[in-house]
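Protein chains get the first letters and strands the later ones, always in sequence-line order, with residue 1 at the start of each.
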Amino acid sequence: MDFFVLMLAIPLASGALLTVVGERDWAPNLNIVASLGTFLAAAGLTMEIVASGPRFAFGEQFFIDSLNVFFVALTAFVGLTTSIFSGPYMRNEAEHGRLSKPRLRLYKSMYQIFMFTMLAALTTNNLGILWVAMEAATLTTVLLVSLYRTPASLEAAWKYFILCGVGIAQALFGTILLYFAAERVLGESGNALLWTHLIDVKGQLEPTIMALSFIFLLVGYGTKVGLAPLHNWLPDAHAEGPTPVSAVLSGLLLNVALYAILRCKVLADGAIAGDFAGRLMIGFGLFTLLVAAFFLSRQKDVKRMFAYSSIEHMGLITFAFGMGGPVANFAGLLHMTMHSLTKSAIFFAVGHATQKTGTQLMENIRGLIRINPLIGWGLMLGTLAILGMPPFGVFASEFMILTHAMKHYPWATPVLLLGLGVAFAAIFGKVQPMVFGETEARRLPHAPAITPVFLHLGLVLMLGLYIPPYLARWFQEAARMLG
Amino acid sequence: MSASIPFSAQLINLFAAVILLLAFAMLAQRRLPQLINLFALQGGALCLATLVAAVTTGQVHLYYSAGLTLALKVLLLPWILHRLVRQLKVKGEVEALINIPTTMLVGIVLVMVAFNVALPISELSHTITRGTLGIALAVVMLAFLMMITRQKAITQVVGFLSMENGLFLAATSATYGMPMVVELGIALDVLVGVIILGVFFFQIRDQFDSLDIRHMEKLKDN
């Protein structure tokens with residue numbers, strides 16, 4: 001069987017299966033096995049693409065090249081580790097009486113369907129289907145954010161639905177305009193929304209329409225990326241949803257939304273003279289970075305704080321892709337990888353820490369290093385990594401972005417440094433007493449899964465010290481495709 | 001000018017104008033059941049506009065699109081919404097945050113903005129329905145305004161669906177509709193979305209004893 005078909009079929013089928021069988025003792029393991037199957041299929045697909053180049057699937061409806069296979073591999077990997085993490089985490093939540101059996105069932109089936117929608121969004125060649133899959137990803141996560149059914153989580157889910165719904169409606173308008181521009185060149189066939197066809201004629205697309213279309217697409221998908229000033233849903237959804245959901249929202253969904261923007265940017269760049277799309281992204285990116293950095297210091301809830309940190313990093317990545325060119329694109333892709341791995345590791349550690357202490361308020365979380373040294377160190381190292389301390393990989397990518405900005409956009413450098421500096425002071429000052437400090441401990445009924453935390457941090461550390469040549473080639477290939 | 005526009009194009013423009021008028025009517029409507037009826041009417045006008053475009057151009061997939069609109073926007077969604085209103089026993093009055101006349105004035109400004117934005121694009125279009133692109137954008141913006149100014153959760157959803165109507169009108173007017181597979185996908189998303197929201201409304205009501213979103217302003221940065 002084809003790796004690609006397997007990769008999409010496994011999460012979809014297991015999502016359905018988990019709904020049917022309900023909450024059994026082995027259901028969490030089924031969730032892990034399904035994620036492992038998806039990951040293996042994605043790994044197989046990656047090797048196939050690396051070995052024999054881009055390919056189509058289902059006619060021309062799906063297209064996998066070195067750019068999106070990279071996101072596919074990352075998504076499937078974090079999907080797997082998150083499912084491992086969520087096993088004991090969700091059992092503990094159920095033990096604490098926060099979740100009933102039907103909700104655990106809902107969580108697992110929605111988790112698998114969420115993975116399916118993200119993988120479909122990443123691999124589709126049709127920009128219309130991309131929109132449909134992004135909207136479906138929103139819908140599946142709305143119910144996950146409100147899983148605890150507390151007033152705060154319902155409010156967060158409602159905000160998430162309405163803001164992202166409005167945002168994604170703007171993206172649909174952008175897609176319609178794009179189709180309108182494409183139809184004038186490609187004719188009224190179903191091919192006019194296929195990316196591989198659009199890229200061939202990108203120079204002939206009408207610039208006025210493409211400019212307007214890109215604005216709508218950037219604002220629309222940008223809402224899901226968490227670009228300021230459209231980021232309001234993100235901290236609420238991250239703070240009120242279960243921690244595994246925060247990890248996949250932050251580590252994966254934001255990437256997928258950014259990927260959608262990147263695909264559209266390549267088309268807009270081809271059609272519009274000058275650097276219109278890049279400048280828009282630079283502006284949005286810098287603004288987002290600054291807004292998030294200054295909000296960071298005001299946070300009291302630990303998950304909220306790291307949600308703002310995600311917004312900050314998304315701003316930085318958007319800025320990097322806005323600069324464009326092989327170096328900045330390479331740095332952007334590297335930073336996306338590093339951020340996904342590090343941020344999900346942090347959320348895993350934070351999840352266990354909040355379960356141990358029974359609160360998300362940072363002032364009440366103290367002395368993690370005494371309660372459980374592994375969780376304490378995991379959180380501390382993850383925080384150092386996300387703040388861009390060497391030798392972790394985030395340092396490498398941030399350094400590349402900064403030096404590239406100094407060379408080509410010197411005016412942006414002070415803004416970048418200010419944002420990163422403020423974020424450093426805010427996060428480090430708050431995490432330090434959480435890890436070191438006095439506290440009374442409490443035992444959890446199910447031993448937490450620490451492996452994913454250190455697996456991710458180990459990868460980030462390795463990539464900070466040494467990027468294997470095949471991975472570097474792969475990044476370069478993908479960066480070249482982005483122009 | 002008017003003599004050169006074919007009859008079918010005039011018909012589509014008429015239906016588009018009706019959709020815009022209904023968008024204003026929804027903005028002014030205070031009562032929830034009537035609001036849902038207006039939404040169904042808007043869907044009906046959209047369906048007719050698509051049908052006229054289908055007959056004129058002979059494009060088969062536009063017939064499907066019109067059928068989809070009829071089934072979903074005119075029949076199924078209003079039925080689900082009416083049921084929800086009955087089951088949830090929502091009080092009839094819709095409280096607006098800003099008073100209605102002010103909202104209408106803001107709406108007029110939005111329509112002018114929308115027409116100005118759409119002008120350069122409409123000139124490039126060769127479809128018989130190109131004049132309606134500005135109207136479609138105006139409908140999207142009015143629906144957006146409705147979502148901002150209303151407090152009941154259901155009203156916000158009606159606004160959201162009305163926005164979808166505007167987007168479909170844009171797709172029909174600029175390009176004779178999106179490819180079939182995309183339109184089906186969008187329709188599926190909208191339907192699943194409304195069903196999920198239906199579930200969600202009951203959760204909100206159980207928690208807050210009301211569907212008023214004023215209760216949902218607790219999450220703030222401080």
Side-chain angles (χ1 to χ4, degrees), chain A residues 61 126-136 138-140 142-143 146 149-159 161-162 165-166 168-170 172-173 175-177 179-184 188-194 206 208-209 212-213 232 235-236 239-240 295 298-300 304 308, chain B residues 57 59 61 117-118 120-121 123-127 133 136-137 140 143-144 147-148 153 156-157 159-160 163-164 166-168 170-171 173-186 188-190 192-193 195-197 199-200 203-204 206-208 213 215-222:
Chain A
Q61 289 303 317
N126 188 324
L127 292 175
I129 299 295
L130 173 64
W131 185 89
V132 172
M134 287 295 297
E135 170 79 358
T138 313
L139 293 175
T140 50
V142 164
L143 289 180
S146 68
R149 309 272 162 90
T150 56
S153 71
L154 283 174
E155 182 187 336
W158 180 254
K159 221 183 205 177
F161 175 81
I162 288 296
V166 170
I168 208 118
Q170 311 299 316
L172 181 58
F173 195 74
T175 311
I176 291 170
L177 288 175
Y179 181 58
F180 173 44
E183 192 207 22
R184 292 159 54 84
E188 284 162 22
S189 62
N191 294 339
L193 268 178
L194 295 185
E206 178 63 45
T208 354
I209 309 175
L212 198 61
S213 161
N232 283 347
D236 296 345
E240 301 306 330
F295 268 109
R298 299 175 57 190
Q299 301 311 313
K300 295 195 173 94
R304 241 183 128 75
Y308 270 105
Chain B
T57 61
Q59 299 233 0
H61 77 103
V117 171
I121 299 175
E123 281 168 358
L124 291 167
S125 175
H126 54 85
T127 57
L133 193 65
L137 191 57
V140 172
F144 192 34
M147 289 177 76
I148 296 172
Q156 290 198 329
V157 171
F160 179 70
M163 190 183 280
E164 215 87 53
L167 289 170
F168 263 79
S173 62
T175 63
Y176 296 138
M178 305 280 271
M180 202 58 219
V181 53
V182 178
E183 258 183 45
L184 278 176
I186 295 170
L188 183 72
D189 272 349
V190 170
V192 172
I195 291 170
I196 288 181
L197 281 169
V199 178
F200 203 59
Q203 298 175 7
I204 292 179
D206 290 346
Q207 271 299 338
F208 298 98
I213 53 160
H215 301 290
M216 299 204 281
E217 286 168 3
K218 300 272 176 348
L219 293 177
K220 286 206 179 88
D221 293 303
N222 42 32

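Ring-centre distance between Phe161(A) and Phe160(B): below the 6.0 Å cut-off.
Proximity to chain B involves both the backbone and the side chain of Ala156(A), based on heavy atoms less than 4.5 angstrom apart. When heavy atoms are compared at a cutoff of 4.5 Å, Val117(B) approaches chain A by way of both its backbone and its side chain. Interface residue Leu212(A): only side-chain heavy atoms are found under 4.5 Å from chain B. At a 4.5 Å heavy-atom cutoff, the contact between Thr150(A) and chain B is made by backbone atoms alone. Using a 4.5 Å cut-off between heavy atoms, Glu206(A) touches chain B through its side chain atoms alone. For chain B, the nearby part of Leu143(A) is the side chain; its heavy atoms alone come within less than 4.5 Å. Of the two parts of Ala239(A), neither the backbone nor the side chain holds a non-hydrogen atom closer than 4.5 Å to a non-hydrogen atom of chain B.
With sequence neighbours left out, Glu183(B) forms a salt bridge (charged side-chain N to carboxylate O under 4.0 Å, His left out) with no residue at all. Remark: Phe144(B) pairs with Val166(A), Ile148(B), Met163(B) by the side chain to side chain contact (heavy atoms under 4.5 Å, CB included) rule, at least two apart or across chains.
Heavy-atom pairs under 4.5 Å with chain A were tallied for Asp189(B), Leu188(B), Leu137(B); the largest tally goes to Asp189(B). Between chain B and the residues Thr208(A), Ile209(A), Leu172(A), the largest count of heavy-atom pairs under 4.5 Å involves Leu172(A). Ranked by heavy-atom pairs under 4.5 Å with chain A, the first of Val199(B), Ile196(B), Val140(B) is Ile196(B).
Scanning both residues, Ala136(B) and Gly166(B), for their nearest heavy atoms gives CB-O, 3.5 Å.
At a threshold of 4.5 Å between non-hydrogen side-chain atoms, the residues Trp131(A) and Val182(B) do not count as touching.
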Test log, rule side-chain contact (heavy atoms from CB on, under 4.5 Å), inputs Asp236(A) and Arg304(A) | CA-CA 7 Å; Asp236(A) 296 345; Arg304(A) 241 183 128 75; 2.6 Å; yes

Going through the checks in order, is the side-chain contact (heavy atoms from CB on, under 4.5 Å) test met by Leu197(B) and Trp158(A)?
-> CA-CA 9 Å; Leu197(B) 281 169; Trp158(A) 180 254; 3.5 Å; yes

